[in-house]
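Encoded as structure tokens, the structure appears first; notes follow it.
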Amino acid sequence: MEAAIVTVHGRAAGFAQEIAVGRHRLTGDEPVAAGGTDTGPNPYDYLLAALGSCISMTAAMYARRKRWSLDAVTVRLRHSRIHAVDCEPCESTNRLLHHIDVAVELTGVLGEEQHIRLLNIAGKCPVHRTLTSEIHIRTRLTRHGGDRLLVE
């Protein structure tokens, strides 16, 4: 299965963005308090939505494979920035770190061991692995409508 190309387009006058993911259309923006028009979620909201969706899908898929009686998965996430010196398990102590709190609610007839196993599996979803791995992002400049590499 080939990954969809995500296209994001915005005017220089504001923060509102038109997002195309395959046949799906989304809007991104910033809240009014941050200078936006609040026509859609902000980029960090989309990041949390990606992680939460992946966690939920991964837990549900595992439960289906095991034929466990899981009815629903609800994931609540919050992003914040914390000082590294306040983060006990963190290696770095000299800057602000991004912190994501995740609460997973599993609804269904499950035993304690099943709850623990599903939480463990959920924490290994592909998006979680991506966010906690070393990431290399290559940004390049293209001409209008083109894909030709101009600057690397």
Sort and list the pairs that fulfil salt bridge (Lys or Arg N to Asp or Glu O under 4.0 Å) and have at least one residue in residues 47-66, not counting sequence neighbours.
-> none
Give every residue pair that meets the salt bridge (Lys or Arg N to Asp or Glu O under 4.0 Å) criterion with at least one member in residues 113-122, sequence neighbours excluded.
-> none
According to the ring pair (Phe, Tyr, Trp, His ring centres under 6.0 Å) rule, which pairs have a member within residues 28-72, sequence neighbours left out?
-> Tyr44-His79, Tyr44-His98, Tyr62-Trp68
What pairs with [X] under side chain to side chain contact (heavy atoms under 4.5 Å, CB included), at least two apart in sequence or on another chain?
X	answer
Met57	Ser53
Leu131	Leu47, Leu51, Val127
Arg67	none
Ser56	Val73, Val75

Side chain to side chain contact (heavy atoms under 4.5 Å, CB included) evaluation trace for Thr107 with Leu70 | CA-CA 6 Å; Thr107 306; Leu70 175 67; 5.7 Å; no
Do Ile19 and Thr7 come close enough that some side-chain heavy atom pair is under 4.5 Å?
-> no
So side chain to side chain donor-acceptor pair (under 3.5 Å) across residues 122-137, not counting sequence neighbours, yields Asn120-Lys124
Residue pairs passing the side chain to side chain donor-acceptor pair (under 3.5 Å) test with at least one member in residues 13-36, sequence neighbours excluded, are Asp29-Thr37, Asp29-Thr39
Please name all residues satisfying side chain to side chain donor-acceptor pair (under 3.5 Å) with Glu105, sequence neighbours left out, ordered by chain then number.
-> Arg76
Value rounded to 0.5 Å, distance of CD1 in Ile116 from CG in Leu110 = 11.5 Å
Can you tell me how far the CD1 atom of Ile55 sits from the CG atom of Leu77, to the nearest 0.5 Å?
-> 5.5 Å
For Ile137, which fellow cluster members are found when Ile, Leu, Val, Met, Phe, Trp and Tyr are connected by side-chain heavy-atom distances below 4.5 angstrom, either directly or through intermediates?
-> Ile135
